[in-house]
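Okay, structure first, notes after.
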Amino acid sequence: MTFVLQRSIRAALTLWIVVTVVFTATRMSGDPTYHILPPNTPEVKREVLRHQLGLDRPLVTQYVDYLSGLADGDFGHSFFSGRMVTEMYLERLPATLNLALPSLLLAILIGLPIGTIAAVKPNSPVDRGLMALTFVGQAVPNFVLGIVFILLFSLTLRLLPSGGTGSWPHYILPVLTLGIASIASISRLTRSSLLDVLGQDYIRFVRAKGLPPSKVIIKHALRNALLPVLTVIGLQVGTLIGGAVVVEVVFAWPGAGRLLVAAVMQRDFPMLQFGVLAVAATVIIANVFVDVGCGLLDPRIQARAS
Amino acid sequence: MNDRRDAILRVEELHTQFLTSHGPVHAVNGVSFEIRPGETLGLLGESGSGKSTIGLSMLRLLPPGRGRISGGRVLFGGEDLVTASEKRMRRLRGRDIAMIFQESLSALNPVYTIGEQIAEVIRQHERLDRRAAMKRAAEMLEMVGMPDPGRRLGEYPHELSGGMRQRVVIAAALACQPKLLIGDEPTTALDVTVQAQILDLIADIQHRTGMAVLFITHDLGVVAEIAHRAIVLYAGRVVEEADTQSLLARPRMPYTQGLLRSLPQFAKGHRLAAIPGAVPNPRSLPTGCAFHPRCQEAKADCAQTLPALTEAGDGRRVRCLHWHNIAQDMDLRVRA
Ligand SMILES: Nc1ncnc2c1ncn2[C@@H]1O[C@H](COP(=O)(O)OP(=O)(O)OP(=O)(O)O)[C@@H](O)[C@H]1O
Ligand code: SF4
Ligand SMILES: [Mg+2]
């Protein structure tokens with residue numbers, strides 16, 4: 001119980017810090033009226049708009065106002081459309097999830113087997129080949145990968161659409177682009193974690209019991225090796241949502257990431273504040289799932305938590 | 001004792017090496033011994049003498065890609081394990097030959113229950129359903145002196161003390177009634193009282209089942225307590241073999257004598273003295289008798305000629321060029 005309480009307090013604190021940092025950063029980023037009104041608008045009109053948006057009040061007042069709004073579940077209205085930012089964000093969120101979740105699933109479904117295969121015969125040609133691939137996968141930035149994919153599969157081979165949504169082929173390139181770095185991280189970590197576990201004394205004892213390699217590796221080694229991997233899978237949630245911003249732009253994907261990019265360009269403070277808050281909350285929730293998962297995998301963690 | 005019975009295990013000229021980036025390590029260099037059913041053979045030697053490597057070679061559990069049996073035979077019930085298929089080895093491991101490792105406190109998988117880890121070896125080798133296997137696991141725990149075995153089945157290794165974990169390991173090793181148990185320092189990590197209990201336990205089970213035991217240790221006291229016969233290992237070679245009593249009372253090989261003199265309970269009036277010098281580097285063993293750089297009895301020929309393991313009467317074997325003269329000497333000193 002105290003464990004849950006402790007976690008909740010930490011989560012609230014994290015969110016508060018995120019909110020404060022974003023609030024401060026947005027206020028330092030310039031005057032939104034220059035982005036909302038045409039360039040040659042007279043200063044009087046700007047003054048009026050600033051007053052309407054509440055930007056003419058002292059920063060502290062704005063901040064306190066914003067926080068008390070948050071406490072009431074009021075996240076504010078877009079400077080541009082005047083619509084509730086929550087509504088706008090939730091409209092675009094499914095498209096992002098349609099990108100991020102398959103990427104995460106792909107990363108797990110491909111990363112775990114790759115790491116396992118590599119670890120079973122360390123330093124074999126197969127291991128070296130796979131690890132070379134994952135090295136490239138981790139090193140190449142998303143936007144470069146996206147552009148290369150478009151050039152190759154859309155423009156040259158004309159196999160897949162280069163952007164937009166609609167049918168399932170539209171998913172292939174963006175999901176791959178987004179997922180490859182995560183596949184690489186999960187593969188590499190699975191490999192090293194599994195190698196570490198395979199060297200443990202209890203694995204030798206399992207072998208001495210006459211269990212076949214499949215049981216030694218899957219039942220005994222992998223379950224232990226999965227703990228650090230699970231933590232990294234949690235971290236990938238943040239990485240994927242962040243990466244989605246770039247991928248959405250490259251593939252003209254109508255997701256929440258592009259909404260945030262637009263909000264940055266337009267200095268749409270409330271939109272931006274909510275977007276960052278939502279991402280932070282997602283990462284925190286993912287971490288809760290990771291903790292629960294670790295507890296399920298390892299009884300020692302349950303013992304410590306309760 | 002059981003001289004008439006055929007050996008269950010006969011190791012012949014076993015050679016094992018490790019491949020390292022600095023070249024091969026010759027860990028075991030032509031080791032031969034045999035064990036009969038119901039017998040406990042002590043395998044004695046300093047750290048690095050190759051004791052564990054012999055055990056791992058017998059079960060073919062050397063680290064893959066690094067350890068390699070480079071010669072000899074391991075005959076178990078007449079079958080050569082060195083050339084047996086991996087599938088065949090899996091049938092033997094845990095069922096006919098069980099091994100308890102040196103690092104037994106970390107030998108249990110932290111994420112599975114005690115019951116599961118005992119039951120899985122039973123289910124691997126016998127046609128039993130989960131419940132029957134669990135029942136057997138509880139019986140095994142009872143046999144190794146675990147209080148309240150039924151409840152313990154569902155506990156995890158971290159919930160048990162070191163001694164209790166060791167009992168679990170023994171229970172798992174003995175669950176299929178192996179014909180041969182290899183115990184690699186199975187009690188070193190435990191305090192003296194628990195150690196004595198575990199030794200009694202193994203002897204007791206052996207008495208009931210007629211299991212043969214290869215007991216690996218560097219502890220002469222433990223050998224004195226549990227082994228019928230003992231072999232002394234030096235630099236991957238057997239240097240002396242005898243029944244335990246004669247070995248401890250009248251060691252013939254200078255190395256064994258040195259070992260005994262270094263221990264208060266065996267020194268018997270001698271000055272307590274550690275053997276000078278260090279264990280030789282297995283990458284480049286000394287020529288001739290590997291012990292010659294440290295041997296107080298060494299003569300000129302010791303550096304040239306590798307002594308053979310020679311019959312020395314009463315079923316004893318000694319690897320020393322000058323054991324005849326030395327033996328006399330030591331006997332006198334022991335009596336004095
Ligand atoms: N995995 C390995 N790689 C390289 N060398 C090894 C390996 N395992 C053992 N050796 C070497 O083989 C030799 C024999 O080691 P072994 O573990 O069999 O000794 P031991 O008699 O069991 O010693 P201890 O009493 O310390 O357990 C040592 O020189 C050791 O360094
Ligand atoms: S052969 Fe020589 S060096 Fe070796 S133990 Fe005998 S006397 Fe010592
Ligand atoms: Mg050892």
Side-chain angles (χ1 to χ4, degrees), chain A residues 116-128 191 193-231 290-306, chain B residues 52 55-56 58-66 86-114 116-126 154-159 165 168-169 172-173 175-176 178 181-182 184 189:
Chain A
T116 307
I117 291 167
V120 167
K121 283 211 182 299
N123 298 323
S124 65
V126 176
D127 174 34
R128 282 168 203 267
R191 175 185 183 271
S193 176
L194 197 56
L195 275 181
D196 184 48
V197 170
L198 284 173
Q200 298 288 316
D201 299 329
Y202 56 80
I203 294 300
R204 203 168 51 181
F205 188 53
V206 171
R207 289 206 169 106
K209 290 186 203 170
L211 265 60
S214 58
K215 278 205 174 146
V216 173
I217 288 164
I218 294 168
K219 178 178 173 186
H220 284 275
L222 210 51
R223 174 140 171 209
N224 282 281
L226 233 42
L227 282 171
V229 178
L230 203 60
T231 309
V290 166
D291 284 346
V292 172
C294 287
L296 290 178
L297 282 177
D298 190 341
R300 285 170 301 179
I301 295 174
Q302 287 168 1
R304 240 174 286 144
S306 57
Chain B
S52 299
L56 291 173
M58 287 164 59
L59 271 183
R60 294 244 312 267
L61 287 174
L62 293 163
R66 274 176 79 84
E86 180 56 28
K87 193 168 166 231
R88 174 70 187 142
M89 286 310 296
R90 284 206 296 273
R91 292 293 292 157
L92 293 173
R93 288 179 198 137
R95 190 187 66 170
D96 298 293
I97 309 176
M99 183 156 178
I100 304 171
F101 292 99
Q102 200 164 2
E103 305 80 8
S104 52
L105 289 187
S106 46
L108 295 171
N109 190 335
V111 303
Y112 288 106
T113 62
I114 305 306
E116 170 62 23
Q117 296 189 60
I118 302 173
E120 76 176 348
V121 63
I122 302 170
R123 295 194 65 196
Q124 182 65 36
H125 297 295
E126 293 171 32
E155 291 189 343
Y156 290 93
H158 71 268
E159 298 173 277
R165 257 181 277 170
V168 173
V169 170
C176 294
L181 174 70
I182 305 170
D184 189 356

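Order of the sequence lines fixes the chain letters, A, B, ..., with proteins taken first and strands second; residue numbering starts at 1 for each chain.
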Step by step, would you call B/Glu120 with A/Lys219 a salt bridge (charged side-chain N to carboxylate O under 4.0 Å, His left out)? CA-CA 11 Å; B/Glu120 76 176 348; A/Lys219 178 178 173 186; 2.7 Å; yes
Chain B heavy atoms under 4.5 Å from A/Pro212: which part of the residue, side chain, backbone, both or neither? both
Is chain B contacted by the side chain of A/Ile203, its backbone, both, or neither, given a heavy-atom distance below 4.5 Å? neither
Measure across B/Arg93 and A/Arg207 and return the closest heavy-atom pair with its distance rounded to 0.1 Å. CD-O, 3.3 Å
Ignoring hydrogens, what is the shortest heavy-atom contact between A/Pro299 and B/Pro110? Give both atom names and the distance. CG-O, 3.4 Å
So what's closer than 4.5 Å to chain A heavy atoms on B/Ala98: side chain, backbone, both or neither? neither
Counting C-beta onward and ignoring hydrogens, is there a side-chain heavy-atom pair between A/Arg204 and B/Leu56 closer than 4.5 Å? yes
Could you go through B/Phe101 and A/Asp201, starting from their C-alpha distance and side-chain angles, then the distance that decides it, and tell me whether this counts as side chain to side chain contact (heavy atoms under 4.5 Å, CB included)? CA-CA 8 Å; B/Phe101 292 99; A/Asp201 299 329; over 6 Å; no
How many angstroms lie between OH in B/Tyr112 and CG in A/Asn224, if you round to the nearest 0.5 Å? 8.0 Å
Taking every heavy-atom pair that is under 4.5 Å apart, which of B/Ile182, B/Leu59, B/Leu61 has the most such pairs with chain A? B/Leu61
Relative to chain A, which of B/Met99, B/Arg95, B/His125 shows the most heavy atom pairs under 4.5 Å? B/His125
Looking only at heavy atoms and a cut-off of under 4.5 Å, which of A/Gly199, A/Ala221, A/Gly210 has the most pairs with chain B? A/Gly210
Evaluate A/Tyr202 against B/Gln117 for side chain to side chain contact (heavy atoms under 4.5 Å, CB included), listing each step before the verdict. CA-CA 10 Å; A/Tyr202 56 80; B/Gln117 296 189 60; 5.7 Å; no
